Amino acid sequence: MKILHSVPSQDGFYMPAEFSPHFGCIMIFPHRRDSWQNGAYAARKAFAEVIRVISKSEKVIVCARYDDYDAARFMLPDNVRVVEMESDDSWARDVAPTFVTNGKNIRGIDWGFNAWGGLADGLYFPWDKDNKMARKLCDLLDVDTYDKRSFILEGGSIHSDGEGTVMTTESCLLSGGRNPDMSKAEIEEELKKYLGAEKVLWLPKGIYNDETNEHIDNICAFTSPAEVVLSWTDDKDDPQYEMSESCLDYLENTTDAKGRKIKVHKLPLPSPVTVTEEECAGLDDMNGQPTRIPGERLAASYANFYISNGHVLVPQFGDKNDSTALKILSELFPEREVVGIYARDILIGGGNIHCITQQIPMAEGFGYINKA
């Protein structure tokens, strides 16, 4: 593995779309007791179901702490690779590398990670183990790595169509805890240079009460070039209504990098999901403070799905809109099997299926493929 100080776009590398072919997927076995209730028992079962489905069509690599390796190996299918690696939590989307490709080879980007806001409004401290994971994973996979630790970015804050357009939210990337000394224009230029993008779409908002400062992967996702799903509610009394409406207005009045109008498919949200007293009782405190309060609204969204080679894995919440979301996504992904997975026990940790996964693109020159 080489540490690179050049710029991906100048080297001919770009971030492919999630719906493009994958070699595999990276995940992290859950363990943090102030994130996952009752010692992460329920979360582990939910993660294992996600892993089982993804592993049907692509390689899954699961990172587990030393103390959790045996449990992970016991719970997970034989075709899943389990490796020992320390982490602070289990959000692979945000701490694993963002992979870029030139069509023949892949490289990783090692962004800076500060737990979604550092000392300004981050969610935990310390975060040093998480901040080392991207480079360790690139070393494990034997892929060269762009050193961009000077720039704070999480994988859940960006989506790419693979054709020059990248999406993010203003509420996240312009937040005070990430890159406060950079202007919007400067941040956009970094995204273009490192993701090989020609245009950045800045949606104004994300999902209400999303503690990541409203990541893009909860509100909107590409389903194909120039087509997206947008989380939506018709309830004008819900604070989410104005947030989604502002995103719809933006998307309907912009174009992608190729000048195409963007087709927006409304993806209904579940009814508000709130934490129960029993769930809160199963969570450890963080520095003497509760991590969840009974009645607290969680950022539940069907847009937080993962696209594998053979499936689309969609969060389910026991809500009347569960089946509607599956139907909409089945129509948008006719060549993949759309699978609903009950994900409340993942959501209690703060994110969902997309947040716990990070895809590894397929590339003919990827050495690890040849060794597998």
Side-chain angles (χ1 to χ4, degrees), residues 35-38 42-43 45-47 49-50 91 93 123 156 169 171-172 203-221 223 228-249 251 264-283 290-306 312-333 338-357:
S35 290
W36 313 103
Q37 58 174 330
N38 301 320
K45 291 179 66 177
F47 273 55
E49 180 61 13
V50 170
W91 306 107
R93 176 66 49 179
L123 300 182
T169 63
S171 49
C172 177
L203 277 66
K205 296 289 184 180
I207 290 293
Y208 175 72
N209 224 28
D210 184 345
E211 56 199 6
T212 66
N213 301 110
E214 302 167 21
H215 270 179
I216 190 69
D217 67 355
N218 246 359
I219 185 73
C220 192
T223 57
V228 301
V229 287
L230 176 68
S231 296
W232 187 261
T233 178
D234 289 320
D235 183 0
K236 294 185 178 181
D237 294 326
D238 189 324
Q240 183 61 46
Y241 180 82
E242 289 188 3
M243 298 171 75
S244 292
E245 188 179 43
S246 68
C247 293
L248 178 63
D249 181 67
L251 289 165
V264 180
H265 303 272
K266 292 179 179 178
L267 191 62
L269 286 160
S271 302
V273 177
T274 57
V275 188
T276 67
E277 187 171 343
E278 181 182 4
E279 288 166 339
C280 290
L283 293 167
T291 54
R292 296 276 180 237
I293 299 171
E296 177 183 346
R297 181 168 170 175
L298 298 173
S301 166
Y302 300 113
N304 204 282
F305 55 80
Y306 178 74
V312 180
L313 291 81
V314 186
Q316 302 280 272
F317 307 101
D319 186 87
K320 60 182 176 61
N321 280 332
D322 284 3
S323 59
T324 303
L326 294 179
K327 182 176 183 296
I328 291 170
L329 291 170
S330 293
E331 293 170 353
L332 295 172
F333 293 99
V338 175
V339 178
I341 294 180
Y342 185 70
R344 184 185 180 98
D345 293 314
I346 301 174
L347 180 63
I348 288 170
N352 223 298
I353 294 173
H354 195 259
C355 304
I356 63 173
T357 53

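Numbers for residues simply follow the sequence, beginning at 1. Please read these numbers as outputs of a predicted model, since none were measured by experiment.
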How about [X] and [Y]: do any of their side-chain heavy atoms sit closer than 4.5 Å?
X: Trp91; Y: Leu123; answer: no
X: Leu283; Y: Pro290; answer: no
X: Ile348; Y: Trp36; answer: no
X: Arg344; Y: Val273; answer: yes
X: Leu347; Y: Pro315; answer: no
X: Asp345; Y: Gln37; answer: yes
X: Asp235; Y: Tyr241; answer: no
X: Val264; Y: Cys220; answer: no

Are the side chain of Tyr302 and the backbone of Asp322 linked by a donor-acceptor contact shorter than 3.5 Å? yes
For Ser171, is there any backbone N or O sitting under 3.5 Å from a side-chain donor or acceptor partner on Asn213? no
Interatomic spacing from [atom1] in [X] to [atom2] in [Y] - rounded to 0.5 Å:
X: Ser301; Y: Ile353; atom1: OG; atom2: CD1; result: 11.0 Å
X: Cys247; Y: Glu214; atom1: SG; atom2: CD; result: 8.5 Å
X: Ser246; Y: Leu251; atom1: OG; atom2: CG; result: 9.5 Å
X: Leu313; Y: Ile341; atom1: CG; atom2: CD1; result: 4.0 Å
X: Asp234; Y: Glu245; atom1: CG; atom2: CD; result: 10.5 Å
X: Asn321; Y: Leu326; atom1: CG; atom2: CG; result: 10.5 Å

Atom of [X], atom of [Y] and distance for their closest heavy-atom approach:
X: Glu279; Y: Thr274; value: OE1-O, 4.3 Å
X: Ala299; Y: Asn218; value: O-ND2, 3.3 Å
X: Thr324; Y: Lys320; value: OG1-O, 4.1 Å
X: Cys172; Y: Thr212; value: SG-O, 3.8 Å
X: Val275; Y: Cys280; value: CG1-SG, 3.4 Å
X: Thr357; Y: Val50; value: CG2-CG1, 4.4 Å

Identified side-chain contact (heavy atoms from CB on, under 4.5 Å) partner of Ile219 from the options Asp210, Leu230, Val229: Leu230
Quick check on side-chain contact (heavy atoms from CB on, under 4.5 Å): which of Leu298, Asp217, Asn304 does Asn352 satisfy it with? Asn304
Look at the aromatic rings of Phe333 and Phe305 and report parallel, tilted or perpendicular, splitting at 30° and 60°.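 Rings of Phe333 and Phe305: perpendicular, over 60°.
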Taking the inter-plane angle between the rings of His354 and Tyr306 on a 0 to 90° scale, is it parallel (under 30°), tilted (30 to 60°) or perpendicular (over 60°)? tilted
What residue among Glu277, Glu278, Glu211 forms salt bridge (charged side-chain N to carboxylate O under 4.0 Å, His left out) with Arg292? Glu211
Between Glu49 and Lys45, does any NZ, NE, NH1 or NH2 come within less than 4.0 Å of an OD or OE carboxylate oxygen? no
Just do the side chain to side chain contact (heavy atoms under 4.5 Å, CB included) check on Thr169 and Lys205 with the steps written out, would you? CA-CA 6 Å; Thr169 63; Lys205 296 289 184 180; over 6 Å; no
Count the heavy atoms belonging to other residues, nucleotides or ligands that lie under 6.0 Å from CD of Glu331, then report whether that count exceeds 12. yes
